[in-house]
Amino acid sequence: MSAPLRILYVDDYPLDRELVRDALEAEHGGFSVVMAATRPEFEARLAEGGYDLVLSDFNILGFEGLQVLDSVHALYPGMPVVIVTGTGSEEIAVAAMKRGAADYVLKTPRDIQRLPQTIYAVLEKQRLTLERAQARAEAEAERDRLTLLMDNLPDTLYFKDRQARFTRANHALARQFGLDDPSGLLGKTEFDLLPNEQTREHLAQEL
């Protein structure tokens with residue numbers, strides 16, 4: 001059985017804290033909720049770390065939701081923050097999302113009851129984003145390794161597209177065309193780089 005998701009919830013209104021706690025605890029151990037009612041309490045709990053997600057009321061005594069957002073991301077840049085706000089404050093919540101909030105939830109019984117599904121959706125989106133970022137990083141690293149290998153080969157190595165334009169080339173080939181950098185070959189054909197007679201001779205050697 002997987003460990004419960006650890007949620008930090010910031011709200012200075014006791015009734016709302018209980019509503020949120022009840023909604024999350026109804027998931028039968030799916031969540032472990034840590035409450036904070038004031039700015040000092042929030043900052044102390046946040047510093048403890050180990051949270052999967054932060055829920056925050058937008059208006060807390062002496063503290064606004066955007067400040068909560070900034071504090072969380074200053075310590076944990078990848079930590080998702082969901083804003084919980086009253087009806088009529090949707091524009092503020094959307095502004096918070098533009099600032100980096102993962103989502104927002106209105107303080108209505110229906111939306112609070114759906115809070116677990118909202119949290120699951122936010123965390124799933126975060127997981128997919130991290131996987132895509134990791135895949136891109138691995139692809140870039142593989143491309144860099146291939147480039148390093150190509151550039152250290154003494155023999156010429158290159159790839160062309162269907163129009164016979166160079167798409168990749170190593171330094172050995174660049175030197176053959178009198179260039180210092182292989183990037184000068186990309187997107188060009190041998191007809192662009194050599195007089196026609198030389199090009200025909202060069203192409204004949206390839207056949």
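- A distance of 7.5 Å separates CG in L193 from CD in E190, rounded to the nearest 0.5 Å.
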Item checked: Worked check of side chain to side chain contact (heavy atoms under 4.5 Å, CB included) between L115 and L24 -> CA-CA 7 Å; L115 185 55; L24 296 182; 4.1 Å; yes
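- F31 and Y120 have their aromatic ring centers within a separation under 6.0 angstrom.
- Taking the side chain as every heavy atom from C-beta outward, Y13 and L19 never approach each other to under 4.5 Å.
- Heavy atoms from other residues, nucleotides or ligands lying under 6.0 Å from CZ of R110 number 12 at most.
- The minimum heavy-atom distance between R45 and A36, with the atom names listed, is CG-CB, 4.5 Å.
- Here the side chains of I7 and S32 are not in contact, with every heavy-atom distance at 4.5 Å or above.
- Once rounded to the nearest 0.5 Å, the distance linking NZ of K160 with NZ of K188 reads 14.5 Å.
- Contact check on R165 versus D192 returns no salt bridge, with no Lys/Arg side-chain nitrogen under 4.0 Å from an Asp/Glu carboxylate oxygen.
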Next item on the list: Test R39 against E43 for salt bridge (charged side-chain N to carboxylate O under 4.0 Å, His left out), laying out the working first.
Entry: CA-CA 6 Å; R39 180 171 186 168; E43 291 174 342; 3.1 Å; yes
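- Hydrophobic clustering, with ILVMFWY side chains joined whenever heavy atoms are under 4.5 angstrom apart, groups L75 together with V81.
- Using a distance-only test at 3.5 Å, with no hydrogens or angles considered, a donor-acceptor pair links the side chain of Q126 to the main chain of G78.
- In this structure a side-chain-to-backbone donor-acceptor pair under 3.5 Å is present from H73 to M79.
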Next item on the list: Could you go through the side chain to side chain contact (heavy atoms under 4.5 Å, CB included) check for L46 and V72 one step at a time?
Entry: CA-CA 7 Å; L46 182 65; V72 172; 4.2 Å; yes
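- In this structure, D111 contributes its side chain and K107 its backbone to no donor-acceptor pair below 3.5 Å.
- Contact check on D181 versus R175 returns no salt bridge, with no Lys/Arg side-chain nitrogen under 4.0 Å from an Asp/Glu carboxylate oxygen.
- Rounded to the nearest 0.5 angstrom, T118 OG1 and L55 CG are separated by 9.5 Å.
- Residues V122 and A102 approach most closely at CG1-CB, 3.6 Å, considering heavy atoms.
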Next item on the list: Evaluate the side chain to side chain contact (heavy atoms under 4.5 Å, CB included) criterion for residues D144 and L148: first the C-alpha distance (whole Å), next the side-chain angles of each, then the deciding distance (0.1 Å), finally the verdict.
Entry: CA-CA 6 Å; D144 291 342; L148 182 62; over 6 Å; no
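- Taking all atoms of both residues into account, the shortest heavy-atom contact from Q176 to T156 is NE2-CG2, 3.8 Å.
- The residue from Y9, F42, Y51 that alone fulfils the side-chain contact (heavy atoms from CB on, under 4.5 Å) condition with V34 is Y51.
- Screening E131, R132, E138 for a side chain to side chain donor-acceptor pair (under 3.5 Å) with Q134, the sole residue that qualifies is E138.
- A donor-acceptor pair is defined here as one N or O able to donate and one able to accept, closer than 3.5 Å; no such pair exists between the side chain of Y76 and the backbone of L53.
- Counting heavy atoms from C-beta outward, P182 and N170 have side chains that stay 4.5 Å or more apart.
- In this structure, D12 CG and E41 CD are separated by 11.0 Å, a value rounded to the nearest 0.5 Å.
- Residues L179 and L185 form a side-chain contact, since some pair of their non-hydrogen atoms from C-beta on lies under 4.5 Å apart.
- To the nearest 0.5 Å, atom CG of residue D161 and atom OG1 of residue T167 are 6.5 Å apart.
- Nearest heavy atom pair, residue A96 against residue L69, reads O-CD2, 3.6 Å.
- In terms of heavy-atom proximity, A164 sits nearest to T189 at O-CG2, 3.4 Å.
- R168 CZ to L146 CG: the interatomic distance, rounded to the nearest 0.5 Å, is 4.5 Å.
- Within a 6.0 Å radius of CG in D180, no more than 12 heavy atoms belonging to other residues, nucleotides or ligands are found.
- No side-chain heavy atom of R127 sits under 4.5 Å from any side-chain heavy atom of L130.
- When side chains are defined from C-beta on, V20 does not count as touching D11, because their heavy atoms never get closer than 4.5 Å.
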Notebook entry, point to check: Would L106 and T85 count as a side chain to side chain contact (heavy atoms under 4.5 Å, CB included) if you check the C-alpha gap in whole Å, the side-chain angles of each, and the deciding distance to 0.1 Å?
Noted result: CA-CA 5 Å; L106 296 179; T85 185; 3.9 Å; yes
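- By the 4.5 Å heavy-atom criterion applied to side chains, D70 and R99 are counted as neighbours.
- For the pair V82 and V54, the minimum side-chain heavy-atom distance is 4.5 Å or more.
- Transitive grouping of hydrophobic side chains (ILVMFWY, heavy atoms separated by less than 4.5 Å) keeps F166 and L149 in distinct clusters.
- The nearest pair of heavy atoms linking M35 to R17 is CE-O, 3.1 Å.
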